[in-house]
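Chain A is the first sequence line, chain B the second, and so forth, proteins listed ahead of strands; every chain is numbered from 1.
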Amino acid sequence: MPEGPEVETVRRTLAPLVTGARLGVATVSTLPLRTPITGADLAFLAGRVVSDVGRRGKTLWLRVGGDADDGTAGDDHDGIVVRLGMTGQLTVTATSLPVLPHTHVRVPLVDARGVPTGTELRFRDPRRFGEVVPFRGSAGLAGLCAGLGPDGLALDDDDRAAVAGALRQTARAIKEALLDQRVVAGVGNIYAAEACFLAGLAPTRKGTSLTRAEATRLVEGVEETLAQGVLHRGTSFSDYVDASGDIGDNARHLFVFQREGEPCRRCGTTIARIVQGARSTFWCPHCQRRRR
DNA sequence: CCACTCCTGCGT
DNA sequence: ACGCAGGAGTGG
């Protein structure tokens, strides 16, 4: 997926397209997503106005205000959470454009009288590891974000200290620890490897082996690589697109991810690939020499 | 800690 | 035919 920078790019491109817009009646495909839903589960959206598009880590949400068309009273904390999984796409598309295969949720945008405006929100996800989950009331969104650590794109000094401390406490390899959304939210397989590179640390280093200075560098590396990802509007290898359907440009700025066999951009050493926790890790054996 | 699961698609 | 893919959860 779509890791934090990609989800943030979706949020930034989606917000101006839907904020203040009124939603119509959602349609939902029959194939189950990670969390199965039906059209009835999204019926509360009809007639409501999008008030806010938010994100924490890889979790994106739309909140709606006002009351529903069916007369039931709305709560300003109602909405939907969208998780993109590996191949999810959340776009605003002209209704006239072909509906691509694997499109699972469609929500038309309508005017005050309920007349379609000609665009719709679409969630497409070939592998169906993603999900669209309705929530009602403030406790609903909080529950869906429970367990997420601080957002890696918005760390304050307290967060930085907490993340560095958590990394120094785990017996796991640092690259695997970075994938744990409870430690820091929004880091996935691309940016975990990139953060280790920027910190000059072998991805196999145990968290408990890090000095304070190394842990601080690793947190800085996380922040730097995530910020670079947003700057370049996300990394597109296959499926990722923003809310307008545009790909991101960050792949060409990566130092190690998916660069096995290619020369390191810093030292020319051949980038290596190893497997950690059943997932590929790319790294530069020279720039990330193991110390200790 | 690991292995395995959910899925589809693409490259070799 | 097989391995691999940006995620995340479960069960041993």
Lys58(A) side-chain N/O to dG7(C) phosphate OP1/OP2 under 4.0 Å: yes

Residue Glu176(A), side-chain heavy atoms: nucleotide from dC7(B), dC2(B), dG6(C) that is nearest: dC2(B)

Pair of N/O donor and acceptor under 3.5 Å linking dG9(B) base with Ser238(A) side chain: no

Side-chain donor-acceptor contact under 3.5 Å, Thr9(A) with Asp242(A): no

Value in whole Å for how far the P atom of dG6(C) lies from CD of Glu194(A): 12 Å

Arg83(A) (side chain) and dA8(C) (base): donor-acceptor pair under 3.5 Å: no

Distance-only side-chain donor-acceptor flag, Tyr240(A) / Glu3(A), under 3.5 Å: no

Leu84(A) CG - dA5(C) C1' separation (whole Å): 15 Å

Phe257(A) and Phe237(A) aromatic centres sub-6.0 Å: yes

Ring geometry between His232(A) and His253(A) (parallel below 30°, tilted from 30 to 60°, perpendicular above 60°): parallel

Donor on one side chain, acceptor on other, Thr225(A) and Glu194(A), under 3.5 Å: no

Identified pairing partner of dC1(B), criterion: Watson-Crick or G-U wobble below 3.5 Å: dG12(C)

Nearest-Å distance for atom pair CG/C1', residues Asp125(A) and dG9(B): 13 Å

Side-chain N or O of Arg34(A) closer than 4.0 Å to phosphate OP1/OP2 of dC7(B): no

Sugar-phosphate only, base, or nothing, as touched by Thr235(A) at under 4.0 Å among non-hydrogen atoms: base

Touch class at under 4.0 angstrom, heavy-atom based, for Asp239(A) against every strand present: base

Spacing of Gln89(A) atom CD relative to dT8(B) atom P, expressed in whole Å: 16 Å

Length of the CG-C1' vector between Asp180(A) and dG9(C), whole Å: 12 Å

Phosphate contact (dC7(B) OP1 or OP2) by His102(A) side-chain N/O below 4.0 Å: no

Presence of Thr87(A) side-chain N/O under 4.0 Å of dG6(C) phosphate oxygens OP1/OP2: no

Separation of atom CZ in Phe129(A) from atom C1' in dC6(B), rounded to whole Å: 5 Å

Touch class at under 4.0 angstrom, heavy-atom based, for Phe257(A) against every strand present: sugar-phosphate

Distance, P atom - from dG3(C) to dA3(B), rounded to whole angstrom: 15 Å

P spacing across the pair dC2(C) / dT5(B), given as an integer number of angstrom: 15 Å

Separation of atom CD in Glu131(A) from atom C1' in dA8(C), rounded to whole Å: 9 Å

Sugar-phosphate, base or nothing in reach of Arg172(A), heavy atoms under 4.0 Å: sugar-phosphate

side-chain N/O Gln258(A) vs dA5(C) OP1/OP2, d < 4.0 Å: no

Whole angstrom value for the distance that separates P of dT8(B) from CG of Leu33(A): 12 Å

Heavy-atom donor-acceptor pair, Arg128(A) side-chain to dC7(B) base, under 3.5 Å: no

Ser244(A)-Asp246(A) side chain donor-acceptor pair, cut-off 3.5 Å: no

Phosphate contact (dA5(C) OP1 or OP2) by Arg127(A) side-chain N/O below 4.0 Å: no

